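Following: one structure in structure tokens, then a few remarks.
Proteins come first, then strands; the chains are lettered A, B, ... in the order of their sequence lines, and each starts at number 1. No experiment lies behind these values; they were computed from the predicted model shown.
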Amino acid sequence: MDAVLSAVLVIGFFAVLAFVVFRARTAREYAEFSLARRSLPVALIFASLCATYIGPGFSIGFVGRGFQSGLLFLYVGLAYCAQTILVGFFIAPRLRSLADCHTLGDALGHRYNRACQVLTGVISAGLCAGLAAVMANAAGHVVEQVFGIPLWLAAILIVAIATVYTSLGGLKSSIMTDALQFAVFSILMPALFFFSLVRNSGHATVVFSQQLTEATTAGFASTSTVEIVGLIAAFLLGETLIPPYANRALATQSSRASRNSFLLAGVFSFLWFTMMISLGTVARTVVPPGTKGDDVLLSLVQMTMPIGGRMLLLIALISVIMSSLDALLNAGAVVFTQDIVKPLAGISEETSLTCGRLATVAIALLAATAAAAVPEIITGLLICYTIWAPTILPAAVLGLWLERPRVPACILSMVTGATAAIGLQIVDYVWPHALGVPPILPALAASLAAYLLGHVLAGFRERR
Amino acid sequence: MEIVTLMFAALAAVLVMAGGVWVTVVLIAAVARVKPSPALRKESQPADETAP
């Protein structure tokens with residue numbers, strides 16, 4: 001009976017997913033594949049943004065952090081809310097207002113030149129492949145724990161499903177399935193919270209507050225100020241304008257819609273973090289104290305929920321991961337086509353569509369292959385963030401805001417940022433804590449200094 | 001104070017759920033191919049008002 005119920009729930013979810021993919025239709029033009037013709041409403045773009053940033057780190061990871069350190073990670077998470085809201089106010093509308101842009105690289109190509117676009121494309125495609133490998137690894141872990149199949153096989157299975165609908169339907173398919181997955185997990189996760197609260201905390205109010213205070217005190221006692229600063233920096237800057245977010249900002253119907261989507265997503269992130277931390281706090285009354293952070297959510301579900309509920313939560317977790325994965329696959333493919341192949345080879349729109357589909361498959365293959373080599377979810381994410389922010393952010397933000405941005409400044413900043421980020425990460429890996437600060441901060445400072453230097457020197461040259 | 005903490009967590013969970021319900025309704029409308037309102041269609045024009 002349990003097996004039948006589980007099978008019905010899993011098959012039902014994938015049937016609904018297939019129906020949404022079918023209704024989203026196969027992309028027939030490149031503009032449909034890359035920007036969904038800019039026809040989707042704010043609610044779907046907002047849901048897709050949330051579904052993209054809520055990956056395994058912000059769900060499984062945050063419940064574990066709430067379990068171990070109470071409110072500490074809610075305070076750190078506020079940096080992420082602030083980042084999304086600031087992007088909504090100052091960056092997304094400006095990005096959207098640039099005509100005929102498909103990607104962030106495209107926008108930088110407009111503001112600087114083609115070389116900057118290709119450079120951004122190479123970095124963006126690499127980042128998407130790296131993050132997709134982390135998502136594939138996380139999906140593999142969840143399916144492995146529940147069904148007992150090997151990690152590599154589980155990762156291939158999930159990546160294959162996401163690849164099929166992303167390569168056929170492009171961004172529209174990705175956004176519509178994201179919205180479905182968002183609806184699934186944002187209804188099921190609060191249901192799990194209320195269920196656990198009522199079932200496990202006899203004197204819910206007192207027990208919840210006691211556990212929260214204990215965990216928060218322990219969290220602050222075990223985390224140094226430098227670590228907290230590093231986490232805040234990573235949350236504030238690490239994911240800013242990564243390709244899937246930039247694509248969604250560009251795919252909105254107008255600048256206002258772009259701003260509103262990001263503002264709503266920023267507010268939602270605060271609500272989501274609060275709920276995940278609360279779930280971790282509730283888990284303290286059920287899950288044994290020594291449990292590993294990433295195992296807390298699954299342990300809580302297994303210890304409290306009946307089989308039907310367990311399957312629903314598995315579906316919610318798969319939704320959390322697949323929505324991030326498909327967004328990365330699509331963004332990587334569009335970036336590869338738009339920022340690397342098109343400027344270098346000058347291909348037609350029809351060939352671009354084929355190129356986008358093939359690139360989706362190629363990035364998926366790369367991600368599935370690299371999934372087994374990912375060290376840890378959070379470590380993998382932090383490596384990607386530390387490279388992205390110093391390499392791209394100064395050139396992108398200043399490029400969008402300065403009246404006459406200069407090409408040498410962009411190239412100098414990107415090269416310096418990438419070199420510093422990779423070099424400092426190696427130093428930090430070989431000699432832990434030798435730097436005294438998280439690598440992202442000095443790398444970002446170096447990149448910003450390089451940009452300003454390039455801008456001033458190019459200005460002198462222009463005046464001569 | 002204790003009740004405020006719990007109420008705040010519960011309120012966040014309710015709002016997250018409300019977000020899920022809102023998106024479900026919009027998604028059903030999109031899947032059913034409900035035509036957008038004239039205001040929405042006007043808004044979807046590619047020309048934009050705030051060039052940097």
Side-chain angles (χ1 to χ4, degrees), chain A residues 19-20 23-24 37-44 46-47 50 93-100 111 176 179-180 182-191 193-194 197 204-206 208-210 212-213 253-257 264 267-268 270-275 277-279 281-282 400-401 403, chain B:
Chain A
F19 178 69
V20 170
R23 295 297 282 183
R37 289 180 171 277
R38 292 178 163 155
S39 63
L40 296 170
V42 169
L44 295 189
F46 148 74
C50 297
R94 282 190 167 250
L95 198 59
R96 174 62 185 83
S97 66
L98 295 172
D100 297 326
R111 302 294 290 156
M176 287 181 74
L180 170 70
F182 171 86
V184 168
F185 66 70
S186 60
I187 291 173
L188 289 179
M189 285 297 191
F193 171 65
F194 286 121
L197 192 69
T205 317
V206 180
F208 182 81
S209 297
Q210 268 176 358
L212 193 62
T213 312
Q253 293 169 344
S254 64
S255 290
R256 202 177 64 176
L264 282 171
V267 173
F268 187 86
F270 173 68
L271 300 173
W272 179 262
F273 294 154
T274 304
M275 196 185 70
I277 294 294
S278 305
L279 205 49
T281 308
V282 171
L400 289 170
W401 272 92
E403 201 174 317
Chain B
M1 186 60 203
E2 285 160 346
I3 188 78
V4 172
T5 315
L6 188 62
M7 288 295 278
F8 185 68
L11 179 67
V14 168
L15 289 173
V16 166
M17 209 180 244
V21 173
W22 175 48
V23 169
T24 307
V25 172
V26 176
L27 182 65
I28 290 170
V31 168
R33 303 239 174 87
V34 174
K35 285 191 177 173
S37 68
L40 207 64
R41 259 181 274 163
K42 196 180 169 191
E43 200 185 344
S44 70
Q45 295 298 313
D48 213 343
E49 69 282 3
T50 51

| message | Can you tell me which of A:A191, A:A43, A:C50, A:A47 forms the most heavy-atom pairs within a distance under 4.5 Å of chain B? | response | A:A43
| query | For B:A10, is it the side chain, the backbone, both or neither that has a heavy atom under 4.5 Å from a heavy atom of chain A? | reply | both
| query | Considering only heavy atoms, which portion of A:L264 lies under 4.5 Å from any heavy atom of chain B: side chain, backbone, both, or neither? | reply | side chain
| query | Which answer fits A:S186, side chain, backbone, both or neither, if we ask what part of it has an atom under 4.5 Å from a heavy atom of chain B? | reply | both
| query | Do A:L180 and B:V31 come close enough that some side-chain heavy atom pair is under 4.5 Å? | reply | no
| request: For B:V23 and A:A179, work out which heavy atoms get closest and say how close. | output: CG1-O, 3.7 Å
| Do you know which of A:V20, A:T274, A:I187 has the most heavy-atom pairs with chain B at a distance under 4.5 angstrom? | A:I187
| field | ring-ring contact (aromatic ring centres under 6.0 Å, His included) partners of A:W401, counting only residues at least two apart | value | none
| message | If we define contacts as heavy-atom pairs under 4.5 Å, which of A:W272, A:F19, A:F270, A:F182 has the most with chain B? | response | A:F182
| A:F273: what forms a ring-ring contact (aromatic ring centres under 6.0 Å, His included) with it, not counting sequence neighbours? | A:F58, A:F62
| query | Is chain A contacted by the side chain of B:V21, its backbone, both, or neither, given a heavy-atom distance below 4.5 Å? | reply | both
| said: Under 4.5 Å from any heavy atom of chain B, what part of A:F46 do you find: side chain, backbone, both or neither? | reply: side chain
| message | To check you understand the geometry: which heavy-atom pair defines the closest contact between A:M176 and B:A30, and what is its length? | response | CE-CB, 4.2 Å
| task | Give the C-alpha distance, both sets of side-chain angles, the deciding distance and a yes or no for side chain to side chain contact (heavy atoms under 4.5 Å, CB included) between B:L15 and A:V267. | result | CA-CA 11 Å; B:L15 289 173; A:V267 173; over 6 Å; no
